Amino acid sequence: MTSPEQADLSRLRIDREAGSPRRDPPRSPLRLALYFGGVVALALAAFFFFRTIGPAEVVELATVGYVSPSQASSLLTASGYVVAQRKASIASKATGRIVYLGFHEGDKVKKGDIIARIESEDVEASLAQASADLEGTKADRNDAERTLARAKKLFDSRLVSQADLDGASARYDRVVAAIASKEAAVRAAQVQLENTRIRAPFDGTILTKNADIGEVVAPFAAGASSRVAVVTLADMSSLQVEADVSESNIERIKLDQPCEIVLDAYPEQRYSGRVDRIVPTADRAKATVLTKVRFDDRDTRVLPEMSAKVHFLSKELAEKVNAPPKLAVNSNAITTHHQKKIVFVCRDDIISEVPVEVGGSIGSMVEILSGLSAGDKVVVKPSEGLRSGMKVNVKK
């Protein structure tokens, strides 16, 4: 048995780590930065995600466009078309083949000018026959007149009977009546010949050419291959704008009221005009009244059937000369943010904040000096919470 003194005390150890908790090594600054960066990125992604797919705000849009200074006094605007008030489709009164066509589209003609002519050999032959018959009957009249004069002398000398005198007188009367008939036949042949000549009924411009040399024309297009109108003629001095005005606004329109006319083909050019006529009936289907506006000044660029807008003014134009148009927008689209004038432009239902420089007022519009272009869509009366990048619904 081993004694306590002989025991190996060197193997006795105290485990100081057995009861103490384990400590993790300290984290590096890079790991902490990556951790907090990821949290921020997730928060931003969630913010924009819910901002995009969340309930979109409903907004009303207005279009940026060029406005004339005179439109500040505009009462209302109506759309219409340029229409020639004197226009005709020129057709032939006779049936035949066209052998002559002297004018084409755009040519000017005078009243009485022969625009076209159809074949007329048969009519000319009839006229020549009627004229020859007339000349022969006139010769008979001369002979009957001399015979009647001799019969009167002989009757006065009691050399012929009353019956002979009556016979000579009756023959003369028959010849005179025959002359009247032959003259009527000649006039009828002349009218038929004139019907083969298609003339201009008034001064104007050829708008369309509907037939050509060699084609058959007829008054009522009796055949499938025949034409009715040879050309369409219009008096360009009679051009007016026919605009439809709503029934609810017609009381604001008066005869001779000043207007400004803008053609869609030339938006930079404006024409002064006046209300010439208000048609005394309404269109039941459209609930509108047709109003005709004449031009005070017009150039050769104004053509029939062009689309136009008519601004009915509350007062006379200050000047006849066209003032340059100005880029303008609804004044309710302008707002202030950080002491700057801004507008909210809508593209593909996404809002963008755009700073602008504004000028003077043009009626309910404000001139835009910089920041916008014609055709831009901007938000009218934007809410305080509207910001760039927001998705919106456009109010219909």
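Because the structure is a prediction, the values reported are computed rather than measured.
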Q. Should L165 and K152 count as side-chain neighbours, where that means a heavy-atom distance under 4.5 Å?
A. yes

(Q) Using every non-hydrogen atom in the two residues, find where A91 and I198 come nearest and quote the distance to one decimal. (A) O-CG2, 4.0 Å

Q. Is it the case that one hydrophobic cluster holds both Y100 and V217, taking links as side-chain heavy atoms less than 4.5 Å apart, direct or via other members?
A. no

Q. So which heavy atom on D264 is nearest to which on S307, and how close?
A. OD2-OG, 2.9 Å

(Q) Taking the side chain as everything from C-beta on, heavy atoms only, tell me whether D166 gets closer than 4.5 Å to S161. (A) no

Q | CD/Q162: more than 12 non-hydrogen atoms of other groups inside 6.0 Å | A | yes

Q: Side-chain contact test, heavy atoms from C-beta onward, threshold under 4.5 Å: evaluate it for V109 versus I206 and give yes or no.
A: yes

Q. What is the distance from atom CG of L159 to atom CZ of R150, rounded to the nearest 0.5 Å?
A. 13.5 Å

Q. Checking side-chain contact (heavy atoms from CB on, under 4.5 Å) for the pair V392/V58: CA distance, chi angles, key distance, verdict?
A. CA-CA 6 Å; V392 296; V58 178; over 6 Å; no

Q. Could you state the interatomic distance from CD1 (I350) to CG (D348), rounded to the nearest 0.5 Å?
A. 7.5 Å

Q.
Tell me the closest heavy-atom pair linking V123 and A189, and the distance in Å.
A. CG1-O, 3.7 Å

Q. Less than 4.5 Å apart, any side-chain heavy atom of L207 and any of P304?
A. yes

Q: Flag the pair D376 / T63 as yes when at least one side-chain heavy-atom distance between them is below 4.5 Å, and no otherwise.
A: no

Q: Mind checking the OG1-NZ spacing from T335 to K381? Nearest 0.5 Å is all I need.
A: 13.0 Å

Q.
With a 3.5 Å distance limit and no angle check, can you tell me whether S92 reaches the backbone of A94 through a side-chain donor-acceptor pair?
A. yes

Q.
I'd like to know if the side chain of Q269 and the backbone of Y266 have a donor-acceptor N/O pair within less than 3.5 Å.
A. no

Q.
Could you check whether R294 pairs with D256 (Lys NZ or Arg NE/NH1/NH2 to Asp/Glu carboxylate O, under 4.0 Å)?
A. yes

Q) Is any side-chain heavy atom of T291 closer than 4.5 Å to a side-chain heavy atom of F312? A) yes

Q: Go through D283 and D244 one step at a time and tell me if the side-chain contact (heavy atoms from CB on, under 4.5 Å) criterion holds.
A: CA-CA 9 Å; D283 188 316; D244 290 325; over 6 Å; no

Q | Side chains of T232 and K87, donor plus acceptor under 3.5 Å | A | no

Q: Assess whether atom CZ of R277 is packed by more than 12 heavy atoms of other residues, nucleotides or ligands within 6.0 Å.
A: no

Q: Kindly say whether R86 contributes a backbone atom to a donor-acceptor pair with the side chain of S238 at under 3.5 angstrom?
A: yes

Q.
So that I can tick it off, tell me whether D113 and R199 are bridged by a salt bridge, with the cut-off set at under 4.0 angstrom between side-chain N and carboxylate O.
A. no

Q | Shortest non-hydrogen separation from C346 to L61 and the atoms involved | A | CB-CD2, 3.8 Å

Q) How far apart are the closest heavy atoms of L255 and I278, and which atoms are they? A) CD2-N, 4.0 Å

Q. Within a strict 4.5 Å, meaning less than it, do heavy atoms of the C259 and H311 side chains meet?
A. no

Q) About how many Å separate CD1 of I368 and CD1 of I334, when rounded to the nearest 0.5 Å? A) 4.0 Å

(Q) Could you check whether D140 pairs with R171 (Lys NZ or Arg NE/NH1/NH2 to Asp/Glu carboxylate O, under 4.0 Å)? (A) no

(Q) Testing the basics here: between V329 and V64, what is the closest heavy-atom pair and its distance to 0.1 Å? (A) CG2-CG2, 3.8 Å

Q) Stepwise, does the side-chain contact (heavy atoms from CB on, under 4.5 Å) test hold for D235 with D203? A) CA-CA 6 Å; D235 181 2; D203 296 352; 5.8 Å; no

Q. How many angstroms lie between CG in L239 and CE in M306, if you round to the nearest 0.5 Å?
A. 10.0 Å

(Q) Here's a test for you: under side-chain hydrogen bond (donor to acceptor under 3.5 Å, both in side chains), which of Q240, K292, Q257, Q85 qualifies with D276? (A) Q240

Q. Under 4.5 Å between side-chain heavy atoms, hopping through other hydrophobics if needed: is there a path connecting L193 to I118?
A. no

**Q.** Donor + acceptor pair across side chains of S383, E57 (<3.5 Å)
**A.** yes

(Q) In this structure, would Y66 and V366 fall into the same cluster of hydrophobic residues linked by side-chain contacts under 4.5 Å? (A) yes

(Q) Please check this pair: side chain of T196 against backbone of S120, looking for a donor-acceptor N/O pair closer than 3.5 Å. (A) no

Q. Would V275 and K254 satisfy side-chain contact (heavy atoms from CB on, under 4.5 Å), going step by step from the backbone distance to the final call?
A. CA-CA 7 Å; V275 177; K254 308 295 181 184; over 6 Å; no

Q | Ion pair check, R270 and E260, cut-off under 4.0 Å | A | yes

(Q) I'd like to check V241 versus Y81 (side-chain heavy atoms, cut-off strictly below 4.5 Å). Are they in contact? (A) no

Q.
Taking atom NZ as the centre, does K93 end up with more than 12 heavy-atom neighbours from other residues, nucleotides or ligands that are less than 6.0 angstrom away?
A. no

Q: State plainly whether one hydrophobic cluster holds both V343 and V358, where clusters connect Ile, Leu, Val, Met, Phe, Trp and Tyr through side-chain heavy atoms under 4.5 angstrom apart.
A: yes

Q. Is it true that the side chains of S272 and D297 contain a donor and an acceptor less than 3.5 Å apart?
A. yes

(Q) As an exercise, state the distance from CD1 of I90 to CZ of F202, rounded to the nearest 0.5 Å. (A) 6.0 Å

Q. Is there a chain of hydrophobic side chains (I, L, V, M, F, W, Y, each step under 4.5 Å between heavy atoms) that links V380 to V59?
A. no

Q. Would you say S181's side chain and A177's backbone share a donor-acceptor pair under 3.5 angstrom?
A. no

Q: Measure from NZ or CZ of R298 to the centre of the six-membered ring of Y271, then state whether that distance is under 6.0 Å and the direction lies within 45° of the axis.
A: no

